[in-house]
Amino acid sequence: MNKRSVRSLDMSGMAGQRALVRVDYNVPLDEAGCVADAARIEATLPTLRLLLAAGVRPVLLSHLGRPGGHIVPEESLRPVAVALEELLGAPVHFLASTDTELALETSLALREGEVLLLENTRFLPGETANEEALGTRLARLGDFYINDAFGTTHREHASVVGTPAHMEPAVAGLLVEAELKALARVREAPDRPFVVAFGGAKILDKISLIESFLVRAETILIGGAMANTFFAAMGRPTGESLVEHDAVETAASFLARAPERLVLPDDVVVGRPGEDADGSRVVAADAIPANLAAYDIGPKARDRFSAAISGAGTFFWNGPMGWFEVAGYAEGTRAVSRAAVAAAEAGAFTVVGGGDSARAIREAGLADRVSHVSTGGGASLEYLAHGTLPGLEALDDA
Ligand code: ADP
Ligand code: MG
């Protein structure tokens, strides 16, 4: 890594300082408003423990959801503070205010051994537009800066890019360091064949990033709603399936450029739009009925994808193969999880990236049987495509 790590700091003289730590606590909440999956919180504990052990006072910034620059009570970070306190075993104060002056006073009053979590950065106008004035205001909340928000490091937002530009030192946290180590191995020296699988629903965010794999990966498996967009690009009927119309042209250009590398599902599981999987059935991928939606890859596709993955030297996976939250549409995602484990156990370097794909492999109980599970979806893809991220550029060089 060519960026300075928190481990390079001599912490012996830093007791009492405030570390402004950008974390990514954009976690799913359940119906009761509690944290439904704490993996992204757990992933930051090593950095927080390192700081607390040195007597450094952590002040945490994170976003949650997409509130769009104003206060949305359902997207408050308060439940995250509760979960963090329990996982960390140290007092976590939560400031339920977006007043940065009050945040400054509260940060200065923070006691050693305690943590301060500030309210959702995306409640602040100017965060996603990376407003200069907001970046400098946030920079006063710490004596130095740590980016441990790997999943957000591809965003040119004030707390990720603007704030560290005004702080010294500005370093990578332990999570970011570990993520980069695994992804750099995939990027710089993949053992062949290099197989990738893309799925999920954030198609516009991700499709252009697939481009770099057209020349680097031997096999690109496409499932999930991503596949529907490719079907549309092939002129096939997609019924009520989720299709990203603004991405169809891009998908068509990829098909024209690398037809032998792109592998689409031969069959899909279709069902009634927005309903449970009762009455779902398997159809050929070019025969999706007009009144139904494709919600998973079919059995032939599962076999073909699994065979390709099991034979990989390096495997990278982003995005579930279907609407896996619904029983009956989870088989494709499960098959890819199992194939990723088979590949890893046969010696392949296997990395799973993406909030939902990571959750899927964890829920299958297989997360510790692959080489690395990334906390970032878009961020991991963007790093693999470009070899850097905006939030990394804002940190001190090693
Ligand atoms: P990740 O978080 O792994 O990067 P995304 O956020 O892009 O993945 O997409 C995950 C979402 O995609 C899941 O909620 C899943 O239900 C949805 N999804 C995947 N395939 C389909 C499909 N065929 N139709 C509708 N939703 C889908
Ligand atoms: Mg997601």
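Numbers here are sequence positions counted from 1. We count ligands from 1, going down the list as the structure has it; atoms in each ligand are counted the same way. Remember, predicted model here, so these are calculated numbers, not experimental data.
The K202 neighbourhood of ligand 1 comprises atoms 6 (O), 7 (O), with distances under 4.0 Å to a heavy atom of that residue. When each atom of ligand 1 is checked for a heavy atom of G224 under 4.0 Å away, the hits are 20 (N), 23 (N). Near P320, the atoms of ligand 1 lying under 4.0 angstrom from a non-hydrogen atom of the residue are 3 (O), 8 (O), 10 (C), 19 (C).
In plain terms, the two heavy atoms of T333 and D296 that are nearest each other are N-OD1, 4.2 Å.
Under 3.5 Å, the side chains of E85 and H93 contain no donor-acceptor pair of N or O atoms. Side-chain contact of D148 with T47: a donor-acceptor pair under 3.5 Å is present, judged by distance alone. For the residue pair T314 / D191, no side-chain donor-acceptor distance below 3.5 Å is found, with atom types taken as modelled.
Under a 3.5 Å cut-off, the side chain of D267 and the backbone N or O of K300 do form a donor-acceptor pair. At distances below 3.5 Å, at least one donor-acceptor pair connects side-chain atoms of R187 with backbone N or O atoms of A385.
Nearest-residue assignment for atom 19 (C) of ligand 1 (options A360, A358, G322; heavy-atom criterion): G322.
The closest approach of D356 to the Mg ion (ligand 2), by N/O/S atoms, is made by OD2.
With a 4.0 Å heavy-atom cut-off, ligand 1 is reached by no atom of D296. No part of S241 comes within 4.0 Å of ligand 1, judged by heavy-atom distances.
In terms of protein heavy atoms, atom 10 (C) of ligand 1 is closest to D356 OD2, 3.4 Å. Nearest to atom 26 (N) of ligand 1 among the protein's heavy atoms is L242 CD2, 4.2 Å. In this structure, atom 21 (C) of ligand 1 lies nearest to the protein heavy atom A225 N, 3.5 Å. With respect to atom 3 (O) of ligand 1, the closest heavy atom belonging to the protein is S357 OG, 2.5 Å. At the shortest separation from atom 24 (N) of ligand 1 among protein heavy atoms lies Y295 CD2, 3.6 Å. Regarding atom 16 (O) of ligand 1, its nearest protein heavy-atom neighbour is E325 OE1, 2.5 Å.
Note on ligand 1: K206 sits in its first shell, one or more heavy atoms being nearer than 4.0 Å.
At most 12 non-hydrogen atoms from other residues, nucleotides or ligands lie less than 6.0 angstrom from CD of E249.
Annotation: F316 is not in aromatic contact with F349 [ring centroid separation under 6.0 Å not met].
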